[in-house]
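Below you'll find the structure, written out as structure tokens, and then a few comments.
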Amino acid sequence: MLAGGKLLTKFAHILIALIAACWSGAILLGDEQDLGLRPGVTVTVTATFDGRAFSYQVTGVTRKENYQVVFVRYPSPVESELPQNNIVPVEYYLPTDVSVAGPQRPAVICLHILDGSLELVRMLGSVLASRGMAAVVFPLPYYGERGGPLGPRDILREPQRFLRVLEQTYLEVRRATDFLASRPEVNPHRIGVAGISLGAIVAASAAEREPRIWRTALILGGGDILKIVATAREAEPLREFLGGLSEEDRAKVVEGFREADPIAGAHLLRERALAGRVLMINAAEDEVIPRECTEQLATALGIKDRVVWLEGLGHYTAIAALPKILQQTAQFFALDLPAEIQKAQPVAESLTPLNRIAGCLREITQFCMEEPRPGTCHIVHLASQLEGQSFELLLIRGRGHQFRLEGQLGNLGRVMAGQGDYPWLVARTGKVFAGDPDDPLETKSPLTYVRGVILERLRFVMLALGGLASTPAALEPLLQIQEEKTQDGETLTVWPAGEQSPKMTMTFARAGIMPEEIAIETPDQHVTVKIKSWQLHAPASAGVFAPPASENVQKVPRNDLYRMFGALVNFAAEQFP
């Protein structure tokens with residue numbers, strides 16, 4: 001039994017201990033669908049935005065459980081000096097039940113982030129297709145297979161190329177609109193565009209230039225490109241590029257930015273925005289796209305009061321809200337689905353209470369003991385109110401020793417620390433203490449100074465939980481469980497066998513693996529913890545594990561930071577019997 005004050009302390013210790021514990025076959029589309037999307041097929045599109053016909057070729061088809069991906073290639077509407085940049089490789093996502101005889105579906109053009117990774121937009125495409133819509137994903141000019149040895153940095157080799165690429169990007173969105181409008185399974189009057197980060201900026205400007213775009217979803221985007229370029233750490237190569245130009249060339253590029261800025265053409269999208277056909281989802285503490293840049297664009301569109309803000313999250317940590325973002329975006333575009341093909345939300349298989357609890361234990365042990373796949377991370381985001389204090393924790397675990405921790409720990413205040421290429425810690429003043437990457441250390445583990453006996457104990461606990469998770473029947477003699485079904489899911493109340501306290505109540509959504517909320521009740525205390533996000537193998541980029549951009553950075557020996565991390569873990573572990 002925990003006294004009220006001790007429960008508060010115990011919760012904080014559990015959070016710290018959690019940190020320490022961490023570190024499709026190809027099938028051809030059936031002929032019965034008669035979509036003409038078989039490998040080797042070439043189709044000509046004559047109705048285009050510029051009056052110039054083009055042809056696309058199907059190069060492959062892959063079927064997943066709830067959707068299928070058709071691989072298509074067609075020429076860019078702009079011919080550059082780089083041959084591979086002149087061909088657009090497209091991934092066309094389709095619902096499994098689509099057919100020529102069925103009703104036409106809405107479709108969405110999905111635009112990727114600055115580093116060129118397609119993982120996030122592929123996830124969006126798969127979610128949209130699983131909900132009954134079509135979607136296309138493709139690399140922007142000079143990205144991926146379309147780039148040269150330097151990839152998108154080739155764009156910065158000369159100012160005229162940079163300006164041409166800006167225009168090429170918007171024209172390729174228009175060509176993707178041509179492609180979708182030509183497809184018999186797509187409703188040509190319900191084509192949308194969605195973009196994330198850089199993709200959101202491009203999506204806004206492209207929608208302004210393309211009147212056929214019906215809906216627009218802007219995720220982590222904004223306007224005032226010049227301000228973003230001047231402040232974002234990610235824009236450093238672009239600032240260097242501008243700094244190396246002559247005054248005349250720099251003026252041309254700056255003018256190109258002004259013309260490309262979505263704020264400049266916002267009046268062309270404003271009517272659609274006021275009609276509810278523009279969705280903006282943004283991080284309230286975005287360090288890449290400043291909040292004022294988002295608000296400027298939203299104001300120009302007339303929807304400043306409709307922006308969906310992800311409170312407490314930044315540009316990279318917004319991945320903690322990825323399931324919510326994908327769900328909201330899909331629901332936004334699904335408003336245009338014909339009634340006869342409205343898709344119900346997926347329903348989880350019927351689970352016994354013991355299996356649900358075992359599933360939770362399995363997720364916890366995987367989070368702590370299973371390294372994320374390349375390019376991914378594990379995420380947990382918790383929030384609670386304890387004795388009038390606000391506790392919130394976001395922990396992102398990457399590969400190797402990568403991690404990011406930030407949150408509000410009651411009276412301890414704001415906490416932010418992590419490790420990418422080097423460890424770092426942010427002081428209350430905002431000063432960043434960065435571990436010197438040149439330190440000759442044999443290990444880069446943040447747990448270097450955690451006592452060995454503590455690490456062994458943690459491993460033992462995780463192995464025990466993993467064993468219970470693999471044999472749910474072993475839980476039965478240990479627990480009393482009361483189950484209550486609800487319209488949206490179910491609630492499980494759990495006690496130790498033969499005891500009345502402590503009592504834990506877990507609330508699950510219908511399709512949820514982890515509970516959305518956990519309430520712990522003792523005779524003198526009631527604590528509710530909300531699980532705002534729980535994801536294994538979520539997409540990640542290097543920026544997730546980098547410290548926030550700051551002009552106030554001090555290099556310190558890595559050992560100094562590792563000693564601080566170790567002291568916190570050692571102290572937390574000592575509070576447990």
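If you're wondering where the values come from, they're calculated on a predicted model, not measured in any experiment. What you see below is based on every heavy atom in this structure, not just the backbone, and it leaves out hydrogens, waters and symmetry mates.
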Item checked: Val136 versus Ala176, closest heavy-atom pair with distance -> CG2-CB, 4.5 Å
Margin query: I'd like to check Arg272 versus Ile213 (side-chain heavy atoms, cut-off strictly below 4.5 Å). Are they in contact?
Written below: yes
Next item on the list: Output the distance between atom CE (Met514) and atom CD (Gln535), rounded to the nearest 0.5 Å.
Entry: 12.5 Å
Note to self: So for atom CD, which belongs to Glu271, do other residues, nucleotides or ligands contribute more than 12 heavy atoms lying within a distance under 6.0 Å?
What the structure shows: no
Check: Under 3.5 Å, is there a donor-acceptor pair linking the side chains of Gln168 and Glu172?
Finding: yes
Checklist line | Salt bridge present between Glu285 and Arg291 (N-O < 4.0 angstrom) | finding: no
Margin query: When you compare the side chain of Asp50 with that of Arg175, does any pair of heavy atoms fall below 4.5 Å?
Written below: yes
Item checked: Spacing of CD1 belonging to Ile289 relative to OG1 belonging to Thr231, to within rounding of 0.5 Å -> 8.0 Å
Next item on the list: Would you name the heavy atoms of Cys293 and Lys227 that are closest together and state the gap between them?
Entry: SG-CD, 3.6 Å
Notebook entry, point to check: When you look at Glu287 and Tyr316, which way does the side-chain contact (heavy atoms from CB on, under 4.5 Å) test go after all the steps?
Noted result: CA-CA 9 Å; Glu287 67 277 23; Tyr316 293 108; 3.5 Å; yes
Next item on the list: Identify the heavy atoms of Met280 and Ile303 that sit nearest to each other, and give their distance.
Entry: SD-CD1, 3.9 Å
Note to self: For the OG1 atom of Thr169 and the CG atom of Leu198, what is their distance to the nearest 0.5 Å?
What the structure shows: 8.0 Å
Next item on the list: Quick one: do Glu392 and Ser390 satisfy side-chain hydrogen bond (donor to acceptor under 3.5 Å, both in side chains)? Show the steps, please.
Entry: CA-CA 7 Å; Glu392 187 159 354; Ser390 295; over 6 Å; no
Note to self: In terms of relative ring orientation, are His378 and His537 parallel, tilted or perpendicular, with 30° and 60° separating the classes?
What the structure shows: perpendicular
Item checked: Donor-acceptor under 3.5 Å (Arg306 side chain, Ala273 main chain) -> yes
Notebook entry, point to check: Side chains of Phe391 and Leu382: closer than 4.5 Å at any heavy-atom pair?
Noted result: no
Item checked: Beyond-backbone contact of Leu242 with Val229, side-chain heavy atoms, under 4.5 angstrom -> yes
Next item on the list: May I ask you to check whether over 12 heavy atoms, not counting those of Arg239, lie within 6.0 Å of atom CZ?
Entry: yes
Notebook entry, point to check: Do the side chain of Ser533 and the main chain of Ala320 share a donor and acceptor less than 3.5 angstrom apart?
Noted result: yes
Check: Can you find a heavy atom in the side chain of Leu180 that is under 4.5 Å from one in the side chain of Tyr92?
Finding: yes
Notebook entry, point to check: Under the 3.5 angstrom rule, does the side chain of Thr294 hit a backbone N or O of Gly221 as a donor-acceptor pair?
Noted result: yes
Item checked: Which atom of Leu128 lies closest to which atom of Ala135, heavy atoms considered -> CD1-CB, 4.0 Å
Margin query: Is it the case that the side chain of Thr48 and the backbone of Asp178 share a donor-acceptor pair, with hydrogens and angles ignored and the cut-off at 3.5 Å?
Written below: no
Next item on the list: State, with a plain yes or no, whether a side-chain heavy atom of Val137 is found less than 4.5 Å away from one of Leu124.
Entry: no
Margin query: Is it the case that the side chain of Asn187 and the backbone of Pro106 share a donor-acceptor pair, with hydrogens and angles ignored and the cut-off at 3.5 Å?
Written below: no
Check: Got a donor-acceptor contact below 3.5 angstrom from the His381 side chain to the Lys532 backbone?
Finding: no
Checklist line | Leu245 and Phe241, any side-chain heavy atoms less than 4.5 Å apart | finding: yes
Next item on the list: May I ask you to check whether over 12 heavy atoms, not counting those of Glu79, lie within 6.0 Å of atom CD?
Entry: no
Notebook entry, point to check: Has the side chain of Gln104 got a donor or acceptor atom that lies under 3.5 Å from a matching backbone atom of Pro184?
Noted result: yes
Next item on the list: Drop me the distance from Tyr93's OH to Cys110's SG, to the nearest 0.5 angstrom.
Entry: 8.5 Å
Check: Going by distance alone, is a donor N or O of one side chain under 3.5 Å from an acceptor N or O of the other, for Ser80 and Asn86?
Finding: yes
Note to self: Would you say that Phe49 contacts Thr177 through its side chain, given a criterion of any heavy-atom pair below 4.5 Å between the two side chains?
What the structure shows: no
Margin query: So does Val288 get a backbone contact from the side chain of Arg233, meaning a donor-acceptor N/O pair under 3.5 Å?
Written below: no
Notebook entry, point to check: Any idea which heavy atoms bring Gly223 and Pro262 closest together, and the distance?
Noted result: CA-CG, 4.1 Å
Notebook entry, point to check: Could you walk me through whether Arg122 and Glu119 pass the side-chain contact (heavy atoms from CB on, under 4.5 Å) check?
Noted result: CA-CA 5 Å; Arg122 282 171 173 154; Glu119 292 310 308; 3.0 Å; yes
Item checked: Stepwise side-chain contact (heavy atoms from CB on, under 4.5 Å) test for Leu114 and Tyr143 -> CA-CA 10 Å; Leu114 178 63; Tyr143 277 92; 3.7 Å; yes
Notebook entry, point to check: Counting N and O atoms only, with roles assigned by atom type, does the side chain of Arg209 sit under 3.5 Å from a partner on the main chain of Ser205, one being a donor and the other an acceptor?
Noted result: yes
Next item on the list: Can you see which heavy atom on Arg105 is nearest to which on Val98, and at what distance?
Entry: NH2-CA, 3.6 Å
Next item on the list: Test side-chain contact (heavy atoms from CB on, under 4.5 Å) on Val61 and Arg38 and set out the steps.
Entry: CA-CA 7 Å; Val61 184; Arg38 293 176 293 277; over 6 Å; no
Margin query: Can you tell me how far apart CZ (Arg146) and CG (Leu140) are? Round to the nearest 0.5 Å.
Written below: 7.5 Å
Next item on the list: Among Leu226, Ile225, Val253, find the residue that satisfies the side-chain contact (heavy atoms from CB on, under 4.5 Å) test when tested with Arg258.
Entry: Leu226
Notebook entry, point to check: Testing Arg190, Arg277, Arg131 for salt bridge (Lys or Arg N to Asp or Glu O under 4.0 Å) with Asp336, which one passes?
Noted result: Arg190
Next item on the list: Ignoring hydrogens and angles, tell me if any N or O in the side chain of His315 forms a donor-acceptor pair with the backbone of Ala283 under 3.5 Å.
Entry: no
